[in-house]
Amino acid sequence: MCTRMSLRRVLSIVLLARIGEFSVADDMKVFDAEHAAEETDDAYDVIVYDATSGGVTAAVSAARSGMKTALLCASWPACFPEGGERVGGMSSGGLGQTDVGGHTDIIGGLALEFYSRNRQHYMATALESNLKTDRIGGGGNCRLPAAGCNATFNLEPHVAKEIFEDMLREANVSVFFSAQVDTVRKTNTTITDITLVDGQTFSASRWIDASYEGDLFARAGVTYIVGREANTTFNETLNGRTYKNSGNQFDQTINPFGADGKPIPYLDNNGVGPGIPGEADKKVPAYNFRLCLTTNTSNMAPWPKPAGYDPAMFELVRRTYATSTSDNSSNANKVSSGTGTGRPGVPSCNNAPVPGGKTDMNNCGGVSSDLIGGSWDYPDANYSYRKTIWESHRYYVQGLLWTMAHDPAIDPAVRAGMAKWGLCKDEFTASDNWPPALYVREARRMQGTHIFTQNTPEEQKRAGDMGVLSIGLGNYNFDSHNCQRFACTSPEACRIAGGPHDANGKPFAWDEGDVQIGPGVYQIPYWVLVPRASETDNLLVVGAPSATHIGMSTLRMEPQYMILGHAAGTAAAVSLQQGTTMANIDLATLSAKLRAQGQRTNTTITPPGPSCAHYVRKCVAERCIETNTCSSTPEQCPTTCKTLLANEWLANVDMFSATNTTVTAKGQATFLKKSEVWSKELPASELKAVNAHQSLPLSEPPVNVDDVYKIVTLA
């Protein structure tokens, strides 16, 4: 059998090689005699490459189907001792605000089992009475442990890791760490074995690549692509370079140039000009770290100062956070990002609660934890270069936060707000409370016989239920993060039509590539997992499925990775049981097994009803407000407390910025509401749609309801 000691050996010789769009990856090819390949004592039925969330569910489903299964944990540093040997990918790596979209009821099978186990973890703890349902907006209730919820979708990293470990142990999956693939050996189109960087060899009958990067399939000669296709390639409208004024954009006119007339650091990383809207390029969306934060001083670690910190590198941060507004000063933890008035929040305007009195900090606004441009080389980089890219991301994010917290040029209200926050001392203890998982939103994408595009969900609606071809469901936005940033001398120079930043005629900073458009509920076809038969016949791909850039932007969510992994593990077992290739399995058999295992594969989804029989009500400014906290009995406000008037609405401060005279939607289209209840549960008469960046005039100043909502009175 493979030994853990041999799996941790690292070769000192690295072949630095860049590879092309449709090539077999070719890094780390050099061995010395000491590290000659060692054969394993016996072969596996199924080997799953990389212990992402989809990798875990793939391994568990294969093992529960009776297959002798191994899981190779490959990601650096998460799968190595310096990262704590963590399974679960981003779901245990800091991504606590799970991207469930508007329908949590599409999640079934092992994915739902995982989130149900997460709920059970808190069932008998003291936290239960203190946690409420979702108040973020747009994601559904049951994000936090609450009565009436059988699943909890938001995650504490260490709890997620423990659940994944439990599922693997119970299924008798063999897990190997520090296990990065070097070479793949095939007989004709059949993968027979792989050799790791340390020389260890594994063999199996069926293989599943669950890595976010697609490292196994690339070395197996499977066709792939990196970057954005042109819109014309697949008749899409959201692919390619996009210059619309979408979300996560600068709301201030930031001078992009230094005294020498050159762009300041972290600004103009385009290098060759803006290009043509809709054209293809090799750029991938920005990566970041999903930080687990707290305001609980007993569990707080201070913001780390990055090694080699150079204040000059963070001039963009100083310019973004230097000027206070009345709205910012009044609420230092919710700094506005409304059009023309504000900037990203403190520490972010996308900082969502997770259990345990913690939050998951994600990107938000024009300047954020997303290192725009820093991800371009990552997909095809060798392991050594990827480590350098990982370190550059850590330097940037730590420098961003350190500058916000300590630089004297930063608005005192921002520094005061930052002082209330810190990393969680009880998370990521092996890596100084810093998550080891870099959020690789998109890297390589396999190109199978069929490709999931922007049009696939709409084509499904026209064609009807796809039957046994469906292996699961999705519904999250087409969600591409920004791919590049410009130093613009004029709107025309950057091909921007309008926007809040060009009215004064001054140079400005501009981000490009953000897309946030909902496709609705759709079925995920089996073919997204299957490489071309001419290239390999015993491999399925979970972490980088067959999709365009914009198609991938909805498939890449952690629940969908778990759904794909569950389907892939079961499909691998069916393939072995039927003695056929992955592409030729009987889909009716697979579909029946998946449905029996709780996977949800058809789009007959019951619209979500109220999560609670009744809700707690409270009286604020003589107005009766229905909260989203569950109550076992009907509640009424005092008779002196009236319902909201026709022109009075509730504005979620995470979605809106409000001054004394206007309320403005931030980076995406959203709703004003008549209660705090999840918008999906409210009738149309209790919702008022507001477009991204749209401002509405107020007849009087807003009134605070709590730390999440304000009453706004429209003029």
Ring centres under 6.0 Å, that's the criterion: do Tyr115 and Phe153 meet it?
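Yes, the ring of Tyr115 comes within the 6.0 Å limit of the ring of Phe153, centre to centre.
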
Quick one: do the [X] and [Y] side chains pair a donor with an acceptor below 3.5 Å?
| X | Y | answer |
| --- | --- | --- |
| Thr403 | Tyr309 | yes |
| Tyr385 | Asp377 | yes |
| Asp514 | Gln516 | yes |
| Glu213 | Tyr378 | yes |
| Thr98 | Asn154 | no |
| Asn299 | Asp426 | yes |
| Asn350 | Gln97 | yes |
| Asn288 | Asn363 | no |
| Ser211 | Asp50 | no |

Could you walk me through whether Arg386 and Asp215 pass the salt bridge (charged side-chain N to carboxylate O under 4.0 Å, His left out) test, one step at a time?
CA-CA 12 Å; Arg386 282 189 188 161; Asp215 285 338; 2.7 Å; yes

What I want to find out is whether [X] reaches [Y] closely enough, with some N-O distance under 4.0 Å, to be called a salt bridge.
| X | Y | value |
| --- | --- | --- |
| Asp407 | Arg415 | no |
| Arg444 | Asp209 | no |
| Lys358 | Glu156 | yes |
| Arg394 | Asp432 | no |
| Arg556 | Asp99 | no |
| Glu165 | Lys161 | yes |

Between Pro355 and Pro145, is there a side-chain heavy-atom distance shorter than 4.5 Å?
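Yes - at least one pair of side-chain heavy atoms lies under 4.5 Å apart.
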
Quick one: are Leu95 and Glu558 in side-chain contact, heavy atoms under 4.5 Å?
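When only atoms from C-beta onward are counted, Glu558 and Leu95 do touch, with a gap below 4.5 Å.
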
Spell out, as yes or no, whether a donor-acceptor pair under 3.5 Å connects the side chain of [X] to the backbone of [Y].
| X | Y | result |
| --- | --- | --- |
| Trp390 | Pro436 | yes |
| Trp376 | Cys483 | yes |
| Gln484 | Lys283 | no |

With a sphere of 6.0 Å drawn around CG of Asp310, does it hold more than 12 non-hydrogen atoms of other residues, nucleotides or ligands?
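Atom CG in Asp310 is crowded, with more than 12 foreign heavy atoms closer than 6.0 Å.
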
Enter the distance from [X]:[atom1] to [Y]:[atom2] here, rounded to the nearest 0.5 Å.
| X | Y | atom1 | atom2 | value |
| --- | --- | --- | --- | --- |
| Thr297 | Lys425 | OG1 | NZ | 8.5 Å |
| Leu371 | Ile389 | CG | CD1 | 10.0 Å |
| Phe428 | Trp434 | CZ | CH2 | 10.5 Å |

Shortest non-hydrogen separation from [X] to [Y] and the atoms involved:
| X | Y | value |
| --- | --- | --- |
| Val159 | His121 | CG2-NE2, 3.5 Å |
| Val181 | Tyr383 | O-OH, 2.5 Å |
| Pro435 | Gly93 | CB-O, 3.4 Å |
| Ala59 | Leu71 | CB-CB, 4.3 Å |

Is the distance between the SG atoms of Cys142 and Cys149 less than 2.5 Å?
yes

Mind checking salt bridge (Lys or Arg N to Asp or Glu O under 4.0 Å) for Glu391 and listing every partner two or more places apart, or none if nothing turns up?
none

For Tyr395, all residues meeting ring pair (Phe, Tyr, Trp, His ring centres under 6.0 Å), sequence neighbours excluded
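So Tyr395 forms a ring pair (Phe, Tyr, Trp, His ring centres under 6.0 Å) with Phe314.
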
